[in-house]
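To start, the structure under review is shown below, and the notes come after it.
Throughout, protein chains are lettered first and strands after them, A, B, ... in sequence-line order, and every chain is numbered starting at 1.
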Protein chains: 2
Amino acid sequence: MAAVAAEAGVAKATAARTLGNYGAVSPEARARVLEAAARLRYRPNSLARSMTTGVTHTIGVVVADIGNPFFAGVLRGIADACDATDYTVIVMSADESIAKESSAIGVLMDKQVDGIVLASAAWRPDQTAHIQEAMSREIPIVLVDRIVPGLELDAVVIDNRQSARDAVRRFVAVGHRRIAFVWGPSAPERPLERERLLSVTDTWLWSSAERLRGYFDALDEAGIVFDPLLVSNCRLNEAATVDSVRAMLALPDPPTAVLTTETTATVGVLRATRDSRFAYPGDISVIGFDDSSWASVMEPPLTMIAQPMRELGRVAAELAFARIGGDRGDAAVETLPATFNSRASVTAPRPQVSLSDDDGR
Amino acid sequence: MAAVAAEAGVAKATAARTLGNYGAVSPEARARVLEAAARLRYRPNSLARSMTTGVTHTIGVVVADIGNPFFAGVLRGIADACDATDYTVIVMSADESIAKESSAIGVLMDKQVDGIVLASAAWRPDQTAHIQEAMSREIPIVLVDRIVPGLELDAVVIDNRQSARDAVRRFVAVGHRRIAFVWGPSAPERPLERERLLSVTDTWLWSSAERLRGYFDALDEAGIVFDPLLVSNCRLNEAATVDSVRAMLALPDPPTAVLTTETTATVGVLRATRDSRFAYPGDISVIGFDDSSWASVMEPPLTMIAQPMRELGRVAAELAFARIGGDRGDAAVETLPATFNSRASVTAPRPQVSLSDDDGR
DNA sequence: CTGTTAGCGCTTTCAT
DNA sequence: ATGAAAGCGCTAACAG
């Protein structure tokens, strides 16, 4: 920039005012500076600018896995919001590890981001030190997808509990009583009683726990007693899910309906059903979280609960911008509606032989 | 940091040497500085550091759409590589627009990124000004997924042409002669003859053009004459794809096999087949690009060409690091292998009535 | 409206 | 091994 000023025959400050669009500059000086800048192919140095202004016009995003279509959707929403406000986004993947999440937030702070959008893996007060550290430095943080209990932070989530409850209600409404709950990567390793399951789950992802609660809610409403064998107990991958579901199907009193909490679980259930004596959907109804274009071309098309991924991201970014802009209001939790895409994978259960004395024709 | 130095009773330079891990510091001074830093909860300012060192330890990534699972996978690979080298990544979405891509690259340059990974929408020399601008400023750029003709740049891609050719060969091998080519969002709006199609396609995504060439290759090998009506001609969305495919199925001589270039197209084909008199796979075989866990639980499971998304990203980032590290070798194109996931969606065509005089029983 | 002068927080000579 | 001082490229405050 010193070169531009020299070339234009003005002081550095005048060149800076022109190129930075601030202050007052006479049209003539302005023109000369612009021309000189073009001739010299001048580009501003954002770092230097941020150095003096103290703002970077950048927000940091920390998610568990950028490769996961869910977070990719969220990121897309964040990018949309940033596009509209000329913000830049730095992404970091934390792999569900508090340590990685913590260091990611450190990097973001050091890079002087103006705000952070975080899908945290933290669920216990003693895991939130890094978040509180950032908070104490007055860096706006907005949680997305997952709430961290005990922290006064803005958050954008869907009503997981109600969505799960609604799904189970639909099963109940058409006559199901044996309803399984199959969750994704993280789940206990063996069947657990209700209380224990809830307490253990509390130590897991917030959203999964909420969905389990919704499942219990609907069971209670319908007066169905909870059977621990109808909750999947596997970890980490689709193969394990398949095994777990196979075990359920082999029960003397197998489930007639299944609620799955994410794509991996849904695919696992379908695979397990494929090579069993169960026909789908006739023998087993399915509802799953996280809709996909594939779900609609399954045979039959799958009923799914679609999360507004892009919206989640967009709203989270906007909340962050509001805080950056100086909003000092109370921390707010925005709950976005999930969409129930009703398709053909839910049917009434076949009358069971043992009960069907009026079915003997 | 001045505060830390004061607190420790040393000069700024000594504190800096300790905190920045450079130069030589006596153990005692070092300890005092570290303690003071901890007491003051010191955090370094990366911007200031970059300001003097001239490096940011950050790479920029520009893709068409972060929400697209393909790019999300690529980004995941880039993040993996960055994780291993302590680099940070800034992502920008360009929506297939040269203007947006250009401004994104501008932002990245201004932020002083050390290198750029780019999936460009550019296909013509007069669309590459922004890329050349960055090149002239000596910023390492690595292309990923798409090659931009005429630019001496490193690139990481898959062999799209060969993958498509292999797929079509498989159709031919089991007896198909009427093979359709259905592509994704961007395609001509009406049926085009071969030459015209190729020239128009040249103006489209490089990877799509390559796949079309592979399709032609296999047709030629088998002595099948190209029928323009068997190439989808629609734009932008799944609904349009469905219409286009329906039109093909309504032909007097409909296709018996379809190659799709991406998920949207694949789903479109399946949907079009659903409510037609065509049974799948009996009447119509399908192979598609971009595998998904869903594809394996379709009925029947879909044969798909899986791109090594994560690898593409990882290798691209590593090439960028090498350039940043000073590698001045010739620009290289890395071609990664695609994986052919053979499943049950390819069957021999049913003998056609008009030809089947030995089928009249 | 324009120029001069300080810094922003760090690294980097260059002395000591 | 340590300190003093210069400077990265820019904005901000103050004179003029």
Is a donor on one side and an acceptor on the other found under 3.5 Å between the side chain of [X] and the backbone of [Y]?
X	Y	value
N160(A)	I158(A)	yes
T18(A)	T14(A)	yes
S120(A)	A122(A)	yes
D327(A)	G325(A)	no

Go through F70(B) and L312(B) one step at a time and tell me if the side-chain contact (heavy atoms from CB on, under 4.5 Å) criterion holds. CA-CA 10 Å; F70(B) 173 77; L312(B) 283 168; 3.8 Å; yes
Side-chain N,O (T14(A)) to OP1/OP2 (dG3(C)) below 4.0 Å: yes
Between the two ends of the helix from dC1(C)-dG16(D) to dT16(C)-dA1(D), what is the bend in degrees, rounded to 10 degrees, where each end axis spans five pairs? 40°
Output the rounded distance in Å from CD (Q112(B)) to C1' (dC10(C)). 16 Å
What salt bridge (Lys or Arg N to Asp or Glu O under 4.0 Å) pairs are there with at least one residue in [range], not counting sequence neighbours?
range	value
residues 136-155 of chain A	E96(A)-R146(A), E133(A)-R137(A), D154(A)-R323(A)
residues 10-22 of chain A	none
residues 47-69 of chain A	D65(A)-R76(B)

Does the protein touch nucleotides 6-16 of chain D at the base, only the backbone, or not at all? Give it as B, S and - per nucleotide, heavy atoms under 4.0 Å. -BBBBBBB---
Does Q112(A) have any side chain to side chain donor-acceptor pair (under 3.5 Å) partners at least two apart in sequence or in another chain, and if so, which? none
Which residues in residues 133-141 of chain B have at least one heavy atom lying under 4.0 Å from any atom of DNA chain C? none
Quick check on contacts: within residues 29-39 of chain B, what sits under 4.0 Å from DNA chain C by heavy-atom distance?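 DNA chain C contact set from residues 29-39 of chain B: none.
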Under the side-chain contact (heavy atoms from CB on, under 4.5 Å) test, which residues partner [X], sequence neighbours left out?
X	result
T85(A)	Y87(A), F321(A)
V107(B)	T88(A), M92(B), K111(B)
A36(A)	V4(A), E7(A), A8(A), R39(A)
S97(B)	A99(B), K100(B)

